[in-house]
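Each chain gets a letter, A, B and so on, in the order the sequences are listed, and its residues count up from 1.
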Amino acid sequence: MSGFDDIPFFDEEPAPRKQQPPATGGIAARAMAARDRQQRPDYLSGLNPEQAEAVESLDGPVLVLAGAGTGKTRVLTTRIAHILSTGRAFPSQILSVTFTNKAAREMKERIGVLVGHAVEGMPWLGTFHSIGVKLLRRHAELVGLRSDFTILDTDDVIRLIKQIIQAEGLDDKRWPAKQFAGMIDGWKNKGLDPAQIPEGDARAFANGKGRELYAAYQNRLRTLNACDFGDLLLHPIRMFRSNPDVLKEYHDKFRYILVDEYQDTNTAQYMWLRLLAQRPKGVPQNVCCVGDDDQSIYGWRGAEVDNILRFEKDFPGAKVIKLERNYRSTEHILGAAAHLIAHNEGRLGKTLFTERTDPDDEKVQVHAAWDSEEEARAVGEEIEQLQRKSHKLNDMAILVRASFQMREFEDRFVTLGLNYRVIGGPRFYERLEIRDAMAYFRLVCQPADDLAFERIVNTPKRGLGDTTIRTLHDYARARDVPMLAAATDIIETDELKPKARKGLFDVVADFRRWQGLLETTPHTELAEQILDESGYTAMWQNDKSAEAPGRLENLKELIRSMEAFESLRGFLEHVSLVMDAEQNENLDAVSIMTLHSAKGLEFDTVFLPGWEEGLFPHQRALDEGGRSGLEEERRLAYVGITRAKHRCHIWFVSNRRIHGLWQSTLPSRFLDELPITHVDVAESEQSYGGYGRGGYGQSRFDKADPFQNNYSTPGWKRAQQNRSDATRDNWGSRSGHAVERIGYGESGPRSRTIDGELVAKSTSTEPSRFTVGDRVFHMKFGNGNISAIEGNKLTIDFDKAGQKRVLDGFVEKV
DNA sequence: ACTAAGATAGTTTTT
DNA sequence: CTATCTTAGT
């Protein structure tokens, strides 16, 4: 290998090693450079010239415009490896920022492959937020926090804001906390303090009390010793601005700065980066930002594409390197994507190309369907067809604009018995039971965490109702002490009724005991003890509802996942920052997700349904975002197409039900922006059952002017209607695999959870072994009576869970 | 304190 | 339409 063995991996560098001499240096340096040229290290050999340039341009600012599938991550990781192997910096002197934990994890893994153990010493590789936390824990006192501050998630924030709104004597119906939380988030994305927000914004909420409320909120956070996510960026910025000496320390420390997905940075992140990247005159700013302006799809949450467009102005003398050589997709897919995105103005201008050309590559297919049901049915059929040709379901994805579109596909796949996986949606940590458990743990570690206190003080029920909480709250506010401390005081008094007093006494005693055990008992053991002794476990054990066993299972999982951490505190930190959980990758399943969550992923076959005006581009993006809104939608379309390696199938329907009522829809303008040379209008194939061959047959794409909107002519509609009817007859009842959804969401089987996957299980095609009226038991929903039978699908009125449709393989006669 | 009926809103999501 | 949240009633 290439000289990584001597890379030290200290967290703190012992002494700065001198920088590589400039190119004009002495003879030795030139000799070394010559040697380097001859003997390029292994890790550089697989790079194309542009990638190699991006890796090797270490001095001064560099912007890498990396198109989709051009090896962006490879460049980033190799660049780090290069910095390390040439001895230009220690691992701890490289600041490397990503947006998501997933990206950070991936980079760590890949650097690990390149440099082995040295990755252990990269303490500053992480998300903006996790690095922000790290900075704040070190310097908390400089922004008026203690270093053991709590990180609040959105749910905590909303509850807190609600309290503040109510405390101001405002109607929390008329002025929803959620909305205000959104506004605060927006301000923080822009890096604005209460004093700095625009007058108009301040006036827009609660009769002009916006600014006041924002300030009150910040004060409250301060007294709670807490931060919201925005503060994790803003506090470091404040700290650096008011403490130049601290900033200097980090300037000296970070010799190289790398930023991934630069097009997604918001103003606060930009300010943060500017502060850290500033160098005295003459010292090179070794900043490398990697991104793709064409994939900027988060404008609505504060990302400023402008940051990337402005890079060369911000960092004078910046080198801009474009990566346009694509290793992912066929020429048709790239051609279609390129032509589409070319309709955007205000781009830096890249055109992806590939060197591979295969006459067998299919063009991008555009399909029409009558309605979303038919769309789902046809996509399902295509998937099954591919599956018959032994394509893996794992290599296929359905990418939708909005999550409501997923439903139709899920329903269809359930009946087909196709395994699918929903990516996104509510996650593990957001579940009720996990949040409750976490609140217990938080309060043990953090007695001042009032939000945690309020969450669990009466969970399980301890007879501590609203009145008790209010009394406590008032007392705590009046004396400016945390609520747990207030509780400790108040149980000594006769303030409360005996019942409440007893309940509260027990809570206080419990927490005092657990806190005492914090240092001595292993944290997983303690966690279990807390859940048992608090009666929380028992609460779910006594709960007869169908989802209770699942919740208990999730709690066990929570404890299990703690094992990887050193302490309860370490675990809490992890959970507050890393909120995702991994999927079961062993299962072969089609992925269903939004276009937004698909960014960064790739699939052999990609289905893009719902390309209709109003849905995609979304009406609201058009109404609220105007031209730039449209452009962002177009970038989203571009992201969608470029996820595909080999097959990209786009669909649109003529009729869609929106908010319950049927609307006839027009095909998306984006379809008209696709180049005819790379696109085929899919004729219905044999596999559709033959009914698609004749009759309605001709699509508009076969006509002279293929890109006219004429889908909504009466003839077309009638033809579609016929086809639709035929389809129904052919596919009305079908059986193959029995399917069940695993996972226990908050709201029954419809909710999307991390393990919202389907497990195939074969069933017979024989007549049902059940009859209407049978009393049956279901693993998840409990007991119920069959009210209807349709092939292998049963409609059952469950005693607890209500009416559900399930497959017969999962119920037993009682 | 829990259930049932009524009201309401309804892109995209990470940290 | 339907999921979610709020309110009213037991």
Under-4.0 Å side-chain N/O to phosphate OP1/OP2 contact, A:Asn101 with B:dT15:
yes
Does C:dC1 have OP1 or OP2 under 4.0 Å away from a side-chain N or O of A:Arg407?
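Answer is no, no contact under 4.0 Å.
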Round to a whole Å and report the spacing from [atom1] of [X] to [atom2] of [N].
X        : N      : atom1 : atom2 : answer
A:Arg657 : C:dA3  : CZ    : P     : 11 Å
A:Glu410 : C:dT2  : CD    : C1'   : 15 Å
A:His574 : B:dT14 : NE2   : P     : 15 Å
A:Met406 : C:dT2  : CE    : C1'   : 17 Å
A:Glu261 : B:dT15 : CD    : P     : 12 Å
A:Glu408 : C:dT2  : CD    : C1'   : 14 Å
A:Phe229 : B:dT14 : CZ    : C1'   : 8 Å
A:Arg174 : C:dC5  : CZ    : C1'   : 19 Å

Residues A:Arg551, A:Asp436: salt bridge by 4.0 Å N-O rule:
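Answer for the salt bridge query: no.
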Tell me whether A:Asp292 is salt-bridged to A:Lys72, with the criterion being a basic N under 4.0 Å from an acidic carboxylate O.
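Salt bridge flag = no for A:Lys72 with A:Asp292.
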N/O donor-acceptor pair under 3.5 Å between A:Ser296 side chain and A:Asp293 backbone
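Checked: no pair found.
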Take atom [atom1] in [N] and the same atom in [M], then report the distance between them in whole Å.
N      : M      : atom1 : result
B:dT13 : C:dT4  : P     : 15 Å
B:dT12 : C:dC5  : C1'   : 22 Å
C:dT6  : B:dT11 : C1'   : 24 Å
C:dA3  : B:dT14 : C1'   : 24 Å

Which helical stems does DNA chain B take part in, if a stem means at least 3 consecutive Watson-Crick or G-U pairs with both distances below 3.5 Å?
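Runs of three or more consecutive pairs: B:1-10 with C:1-10.
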How are the rings of A:Phe565 and A:His574 set relative to one another: parallel (under 30°), tilted (30 to 60°) or perpendicular (over 60°)?
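Rings of A:Phe565 and A:His574: tilted, as their planes differ by 30° to 60°.
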Relative to each other, are the rings of A:Phe413 and A:Tyr420 parallel, tilted or perpendicular (30° and 60° limits)?
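Tilted: the ring planes of A:Phe413 and A:Tyr420 meet at 30° to 60°.
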Where at least one partner belongs to residues 176-187 of chain A, residue pairs that pass side-chain hydrogen bond (donor to acceptor under 3.5 Å, both in side chains), sequence neighbours excluded
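Only A:Trp187-A:Asp201 qualify under side-chain hydrogen bond (donor to acceptor under 3.5 Å, both in side chains).
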Using a 4.0 Å heavy-atom cut-off to protein, can you give one letter per nucleotide of nucleotides 7-13 of chain B, 5' to 3': B if the base is in contact, S if only the sugar-phosphate is, - if neither?
---BBBB
Would you check, one step at a time, whether the test salt bridge (charged side-chain N to carboxylate O under 4.0 Å, His left out) holds for A:Asp156 with A:Arg435?
CA-CA 10 Å; A:Asp156 297 323; A:Arg435 300 183 51 85; 3.8 Å; yes
Should A:Glu109 and A:Arg105 be marked as a salt bridge (charged side-chain N to carboxylate O under 4.0 Å, His left out) after you check the CA-CA gap, both sets of side-chain angles, and the distance that decides it?
CA-CA 6 Å; A:Glu109 272 163 28; A:Arg105 216 182 307 131; 6.0 Å; no
Does atom NZ of A:Lys190 have more than 12 heavy-atom neighbours, drawn from other residues, nucleotides or ligands, at distances under 6.0 Å?
no
Is there any protein nitrogen or oxygen under 3.5 Å from a nitrogen or oxygen in nucleotides 7-10 of chain C, and what are the pairs?
unit_1	atom_1	unit_2	atom_2	d
C:dT7	OP1	A:Lys173	NZ	2.6
C:dT7	OP2	A:Lys173	NZ	3.4

Those residues that, when tested against A:Gln218, pass side-chain contact (heavy atoms from CB on, under 4.5 Å) (two or more places apart)
A:Lys188, A:Pro194, A:Tyr214, A:Leu221, A:Asp231
Apply salt bridge (charged side-chain N to carboxylate O under 4.0 Å, His left out) to residues A:Arg407 and A:Glu410 and explain how you reach the verdict.
CA-CA 5 Å; A:Arg407 194 213 173 109; A:Glu410 290 192 61; over 6 Å; no
Please identify each residue that fulfils side-chain hydrogen bond (donor to acceptor under 3.5 Å, both in side chains) with A:Tyr298, with sequence neighbours left out.
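Partners of A:Tyr298 by the side-chain hydrogen bond (donor to acceptor under 3.5 Å, both in side chains) criterion come out as none, since no residue qualifies.
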